[in-house]
Amino acid sequence: MDIASLAEDALRLALKKGCDGAEVFIKASKSISAEAKDGGVEALETAREFGMAVKVIKGQRLGFSFISGPVDSQQSAVGSRSNKNVPPIDKCVEKALEGACWTGADGYNDIADFRSPSDVLIWDEDITLINEDDAIKNAVLLENGALSFDRKVKKVRKATSTFVSNDVAIFNSKGVNISYKGTSVSAHVMAIAQDGGDSQMGWDYGFSRQLKDIDFASIGAGAAKKAVMLLGAKKINAVKAPVILDPMVASEFLGILSLSFSAESVQKGKSLLADRVDKIITSPILNIIDDGTMPWCPGTSPVDDEGIPARRKVLIENGRLTGFLHNTYTARKAGIVSTGNAVRGSFKSYPGVGITNLYITPQDEAKGLRLKAEEILSAEGQKCKSAEEKTSKLQSFVSSVGKGLFVIEAMGVHTANPISGDFSVGISGLWIENGRPLFPVKEAVISGNIFEMFKRVGGVGKDLRFFGRLGSPSLLIGEMDISA
């Protein structure tokens with residue numbers, strides 16, 4: 001499928017019909033997903049999808065429309081009716097222009113200016129060669145990795161491997177004419193451990209844009225380890241104590257904080273950080289960075305979803321807020337240039353403001369602000385640190401705690417108030433006394449305020465992991481309210 005030609009045709013048609021500016025976004029994808037059960041295949045799905053969105057501006061009024069469906073790559077999609085598989089691109093353009101007649105005029109509506117795209121690593125041919133048998137085999141490896149970890153692991157749920165290849169094209173009336181390919185592989189698995197009448201679940205996940213980064217058996221073992229670790233969990237009395245957050249849990253909290261970095265939230269009065277630029281808002285030992293150029297990471301691409309080049313932005317420098325994330329609209333409203341953070345939920349919506357690869361790094365991590373992405377991440381998308389060094393840092397956290405809680409899993413982080421930052425979430429983990437894990441904990445609740453919590457970070461680990469577009473190492477937090 002020549003999606004670049006399709007995009008060019010649609011753009012030409014929109015301009016011919018008299019709009020002041022136009023943008024065409026096309027995404028075509030192919031995916032294979034397999035779920036294993038009892039050493040065989042539980043579910044297998046293959047899919048091919050196509051979507052095109054057209055945005056037009058006419059008299060400062062915005063119009064938007066989209067289509068989806070199969071496309072015959074051998075024919076022009078504009079004005080052709082000889083093949084039923086050709087989507088009606090001309091109708092899509094007409095609907096967008098019609099929509100512009102009914103929206104209010106807004107002088108900040110605009111089309112992205114052309115800038116040269118960034119050079120990134122997001123395409124792995126090995127993923128495109130995966131067939132259904134390969135997908136099933138890797139899903140079985142996930143399941144076996146969990147079941148072979150410990151005899152107490154009795155069941156595995158949702159051992160799923162997914163392989164995707166995408167083609168994207170973005171053309172607009174200001175000279176943006178880019179098309180690129182990307183791939184991804186992901187794995188997730190839930191293991192259930194049982195001992196006597198006790199049953200516990202553990203979950204693990206892996207994602208990369210290159211196949212060799214994903215060790216399916218190890219991901220399965222990671223889920224099993226968490227499940228076994230929580231067997232025999234006890235309730236604890238309410239207490240105020242230090243907390244260590246596992247990278248997955250820390251990433252979930254970072255996700256809530258990330259909403260406040262959006263210029264869209266700021267301009268709509270939905271961010272408490274609106275007037276906090278150049279002020280300390282987290283612990284001074286923290287840096288928070290958004291980087292759309294990191295090799296093989298989930299949010300990496302040569303351009304954002306409007307065609308603005310991806311780049312690296314330091315949002316928190318030694319605890320100090322430096323600025324916000326922008327798309328073309330919010331940048332024009334603020335009188336600056338876009339930061340390359342236009343993100344679409346899908347082709348069915350025009351871009352809002354979102355993160356690319358947002359992660360936490362410590363202040364002393366080679367003065368993390370000047371590091372190149374390649375120096376921050378190894379080819380596997382993890383910190384360039386040995387396993388021994390990662391482990392020793394986490395152990396030093398545990399050893400430093402007289403009484404406290406190592407949080408392995410959190411439930412309901414998404415219910416935190418993204419504006420006020422207030423939260424109260426259920427957690428599981430390990431109770432620590434005298435610098436040693438004593439017993440697993442269940443049915444506990446931690447509560448507080450996300451902004452205050454990040455101010456109390458007293459230690460940042462060397463075990464950075466990404467969960468989707470969010471990444472964090474383990475974090476040592478000062479005293480928090482823990483209730484039963």
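Residue numbers start at 1 and run along the sequence shown.
Atom CZ of Arg157 has 12 or fewer heavy atoms from other residues, nucleotides or ligands within 6.0 Å. Atom NZ of Lys225 sits in a sparse spot, with 12 or fewer heavy atoms from other residues, nucleotides or ligands closer than 6.0 Å. No more than 12 heavy atoms of other residues, nucleotides or ligands sit less than 6.0 Å from atom OH of Tyr350.
Here the side chains of Val441 and Lys234 are not in contact, with every heavy-atom distance at 4.5 Å or above. At a threshold of 4.5 Å between non-hydrogen side-chain atoms, the residues Val156 and Ile192 do not count as touching. In this structure, Leu325 and Ile355 have side chains that are in contact, with non-hydrogen atoms separated by less than 4.5 Å. With a 4.5 Å cut-off on side-chain heavy atoms, Ile427 and Val445 do not count as touching. You'll find the side chain of Val460 reaches within 4.5 Å of the side chain of Leu475, heavy atoms only.
Here the shortest heavy-atom pairing between Ala135 and Ser161 reads O-OG, 2.8 Å. Looking at every heavy atom in both residues, Asp304 comes nearest to Ser338 through OD2-OG, 4.1 Å. In terms of heavy-atom proximity, Ile3 sits nearest to Ala28 at CG2-CB, 4.3 Å. Scanning all heavy atoms of the two residues, the minimum distance from Ala34 to Ala139 falls at O-CB, 3.6 Å. Scanning all heavy atoms of the two residues, the minimum distance from Pro440 to Leu430 falls at CA-CD2, 3.8 Å. For Ile308 against Ala112, the heavy-atom pair with the smallest separation is CD1-CB, 3.7 Å.
Legend: residues meeting side chain to side chain donor-acceptor pair (under 3.5 Å) with Asp204, ordered by chain and number and at least two apart, are Arg465. Applying the side chain to side chain donor-acceptor pair (under 3.5 Å) criterion to Thr300, with sequence neighbours excluded, gives Asn357. Listed by chain and residue number, nothing satisfies the side chain to side chain donor-acceptor pair (under 3.5 Å) test with Ser301 (two or more places apart in sequence, or in another chain). For Phe451, there are no ring pair (Phe, Tyr, Trp, His ring centres under 6.0 Å) partners two or more places apart in sequence or in a different chain. Residues satisfying the side chain to side chain donor-acceptor pair (under 3.5 Å) criterion with Thr330, sequence neighbours excluded, are His326, Asn327.
Taken to the nearest 0.5 Å, the OG atom of Ser258 stands 5.5 Å off from the CG atom of Leu470.
The side-chain hydrogen bond (donor to acceptor under 3.5 Å, both in side chains) analysis of residues 135-153, with sequence neighbours excluded, yields no pairs. Applying the salt bridge (charged side-chain N to carboxylate O under 4.0 Å, His left out) test to residues at least two apart or on different chains, none of the pairs has a partner in residues 422-431. Sorted by first and then second residue, the side-chain hydrogen bond (donor to acceptor under 3.5 Å, both in side chains) pairs involving residues 239-248 (not counting sequence neighbours) are Lys240-Asp481. For residues 119-131, the set of pairs meeting the salt bridge (charged side-chain N to carboxylate O under 4.0 Å, His left out) definition, not counting sequence neighbours, is empty. Identified under the ring pair (Phe, Tyr, Trp, His ring centres under 6.0 Å) test for residues 181-204, with sequence neighbours left out: Trp203-Tyr205. Pairs of residues two or more places apart, or lying in two chains, that qualify as salt bridge (charged side-chain N to carboxylate O under 4.0 Å, His left out) and include a residue from residues 435-459 are Lys235-Glu443, Glu452-Lys455. For residues 338-356, the pairs satisfying salt bridge (charged side-chain N to carboxylate O under 4.0 Å, His left out) are Glu23-Arg344, with sequence neighbours left out.
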TODO: List the steps and the verdict of side chain to side chain donor-acceptor pair (under 3.5 Å) for Glu317 and Thr322.
DONE: CA-CA 7 Å; Glu317 180 179 355; Thr322 64; 6.0 Å; no
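Ring centers of Phe423 and Phe253: under 6.0 Å apart, within the cut-off.
Side chains of Thr162 and Ser33: a donor on one and an acceptor on the other come within 3.5 Å. No donor-acceptor contact under 3.5 angstrom links the side chains of Glu409 and Ser428, judged on distance only. Side chain to side chain, Asn341 and Lys313 meet the donor-acceptor criterion of an N or O pair below 3.5 Å.
Taking the centre and axis of the six-membered ring of Phe347, the NZ or CZ atom of Lys27 falls outside the cone set by 45° and 6.0 Å.
In this structure, Asp290 does not pair ionically with Arg312, as no charged nitrogen and carboxylate oxygen lie closer than 4.0 Å.
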